[in-house]
There are 2 protein chains.
Amino acid sequence: MALTIGRVAVQCGVGVETIRFYEREGLIAQPARPESGFRKYPPDAVRWVRFIQRSKALGFSLREIRELLSLRVDSAATCDAVKGRAEAKIADIEKKIGHLREMKQALVKLTVACRGKRPTSECPILEALGDGD
Amino acid sequence: MALTIGRVAVQCGVGVETIRFYEREGLIAQPARPESGFRKYPPDAVRWVRFIQRSKALGFSLREIRELLSLRVDSAATCDAVKGRAEAKIADIEKKIGHLREMKQALVKLTVACRGKRPTSECPILEALGDGD
DNA sequence: ATGCACCCCGTACCATACTACGGTGTCAAG
DNA sequence: CTTGACACCGTAGTATGGTACGGGGTGCAT
């Protein structure tokens, strides 16, 4: 039933060091430690790590994930708090997308201005980047 | 005519340390150094820094900017090489946008499932993040 | 000539999320 | 009982793009 750190790591597709890192960072509870000193994880530990992995995939930083996890164990906290974090993250992502779109627009504008073949000393892209303000 | 590092920094809105950092990283040429040891920049130096700033704003990393700069001084290089970097960066940005959109979709799906008010122990968002695979 | 702003250098530090290393101890199979 | 795989710990290194610090030297104005 009880798992070693190595088994948890393999089940989650991460390295042992990553689990220890999450523990140090307060993302994973300290597991039982028999006299040997070896960590003994309950099967649930795999889900703790998966929670972190899924949250990361949604764009949450480890700091934010730690906050989500503390909301989970805070009996006074409600769903709204969690929802709020998710909505804030959505807003965050939208801002990033907007920013990336602007970058892309600017790059497209530069690339269409460049017809190639000329030496780089006459490149309209480099000129646009280097021109005085 | 010649500028101190501090003047260049102010003109570009960056710190003196940033200019020295760019120099160390090979993004800015070593300027003249009279006996005092103080860097003496030509007025053009401001444009070197602006080139870096604009390239950064388009999403290029310092490593990529270094490459753009070496294309600029490579008389054998042509515009196409520069255009290629710009197009690669556009593709890069599109990939990032796609990734962010997927995150957003997933988050939206979770938030609409959450109606708030309940304790976090029954939060559908947290449940989705923590459920076994 | 004296003060103060500015410059020099090397090094260390910030956040992020790990990853690697070295030296040692433990468990389980043969 | 030995051997090999696995675990322990603390520290340091990776990439990115700077920022800060400490101890010193310089240049200009008053």
Side-chain angles (χ1 to χ4, degrees), chain A residues 1-28 30-41 45 48-69 89 92-93 96 99-100 103, chain B residues 1-28 30-41 45 48-69 89 92-93 96 99-100 103:
Chain A
M1 279 296 85
L3 303 166
T4 62
I5 192 170
R7 284 194 177 283
V8 175
V10 167
Q11 299 250 324
C12 298
V14 302
V16 166
E17 298 304 324
T18 302
I19 310 271
R20 301 213 311 117
F21 172 70
Y22 288 160
E23 184 182 313
R24 269 201 311 283
E25 295 293 309
L27 292 160
I28 285 181
Q30 307 268 343
R33 297 271 203 138
E35 344 72 69
S36 70
F38 287 23
R39 291 167 180 82
K40 251 174 123 57
Y41 292 96
W48 305 343
V49 178
R50 292 246 164 86
F51 184 101
I52 297 169
Q53 294 178 304
R54 293 204 184 113
S55 303
K56 263 164 45 76
L58 293 179
F60 290 102
S61 67
L62 296 190
R63 169 191 300 273
E64 290 164 338
I65 295 168
R66 189 163 42 224
E67 287 170 12
L68 289 175
L69 288 165
K89 183 52 66 181
D92 215 58
I93 289 172
K96 274 187 191 152
H99 191 198
L100 287 169
M103 285 179 178
Chain B
M1 280 297 84
L3 303 166
T4 63
I5 192 170
R7 284 193 178 282
V8 175
V10 167
Q11 298 251 322
C12 298
V14 302
V16 165
E17 298 304 323
T18 301
I19 309 272
R20 300 212 314 116
F21 172 70
Y22 288 160
E23 185 182 312
R24 270 202 310 284
E25 294 293 308
L27 292 161
I28 284 181
Q30 307 268 342
R33 296 273 202 136
E35 344 73 69
S36 71
F38 285 26
R39 292 168 180 83
K40 249 173 124 60
Y41 292 95
W48 304 343
V49 178
R50 292 246 164 85
F51 184 101
I52 297 170
Q53 294 178 303
R54 293 205 183 110
S55 303
K56 263 166 43 77
L58 294 178
F60 290 103
S61 67
L62 296 191
R63 170 191 299 274
E64 290 164 337
I65 294 168
R66 190 162 43 224
E67 286 170 12
L68 289 176
L69 288 165
K89 184 52 65 182
D92 217 57
I93 289 172
K96 274 185 190 153
H99 191 199
L100 287 169
M103 285 180 180

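Owing to the predicted nature of the structure, the values given are computational and were not obtained by experimental measurement. Per chain, numbering begins at 1; letters A, B, ... match sequence-line order.
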note: A:Ile19, atom CD1; C:dA17, atom C1'; distance rounded to Å ~ 14 Å
B:Glu25 CD to D:dA15 P, straight-line distance once rounded to whole Å | 11 Å
Send over the distance from A:Gln30 CD to D:dC8 P, rounded to a whole Å.
-> 11 Å
Against the side chain of A:Ile5, the closest entry in C:dC18, D:dG17, D:dC8 is D:dC8
Residue pair B:Ile93 / A:Leu100: nearest heavy atoms and the distance that separates them = CG2-O, 3.4 Å
How would you list, by chain and number, every residue that makes a side-chain hydrogen bond (donor to acceptor under 3.5 Å, both in side chains) with B:Glu17, sequence neighbours excluded?
-> none
Does A:Lys89 use its side chain to pair, donor to acceptor, with the backbone of A:Phe60 at less than 3.5 Å?
-> no
Measure the distance from CD1 on A:Ile65 to P on C:dA15 and round it to the nearest whole Å.
-> 18 Å
Please produce a list of atom pairs where a protein N or O lies less than 3.5 Å from an N or O of nucleotides 20-30 of chain D.
residue : atom : partner : partner atom : Å
D:dG27  : OP1  : B:Ser36 : OG           : 3.3

Main-chain N/O of B:Val8 paired with B:Gln11 side-chain donor or acceptor, under 3.5 Å = no
Look at all strands and tell whether A:Gly6 reaches a base, only sugar-phosphate, or nothing, counting heavy atoms closer than 4.0 Å.
-> sugar-phosphate
To the nearest angstrom, how far is A:Lys40 atom NZ from D:dC6 atom C1'?
-> 14 Å
Would you confirm whether B:Arg66, through its side chain, and B:Gly26, through its main-chain N or O, come within 3.5 Å as a donor-acceptor pair?
-> no
Considering just the side-chain nitrogens and oxygens of A:Thr4, establish if one lies under 4.0 Å of OP1 or OP2 belonging to D:dA7.
-> yes
Check step by step if side-chain contact (heavy atoms from CB on, under 4.5 Å) holds for A:Leu62 and A:Phe21.
-> CA-CA 11 Å; A:Leu62 296 190; A:Phe21 172 70; 3.6 Å; yes
Do any side-chain nitrogens or oxygens of B:Tyr22 fall under 4.0 Å of OP1 or OP2 in D:dG18?
-> yes
Round to the nearest Å and state the distance from A:Glu23 atom CD to C:dC18 atom P.
-> 15 Å
When B:Arg7 and A:Arg63 are each assigned the nearest nucleotide of DNA chain C, the 5'-most assignment goes to B:Arg7
Spacing of B:Phe38 atom CZ and B:Ile5 atom CD1 [to the nearest 0.5 Å] | 11.0 Å
Between B:Phe21 (CZ) and C:dC8 (P), how many Å, whole number?
-> 17 Å
Can you check the B:Ile52 CD1 to D:dG17 P distance for me, whole Å?
-> 11 Å
Residue-phosphate contact under 4.0 Å: B:Arg39 side-chain N/O, C:dC8 OP1/OP2 | yes
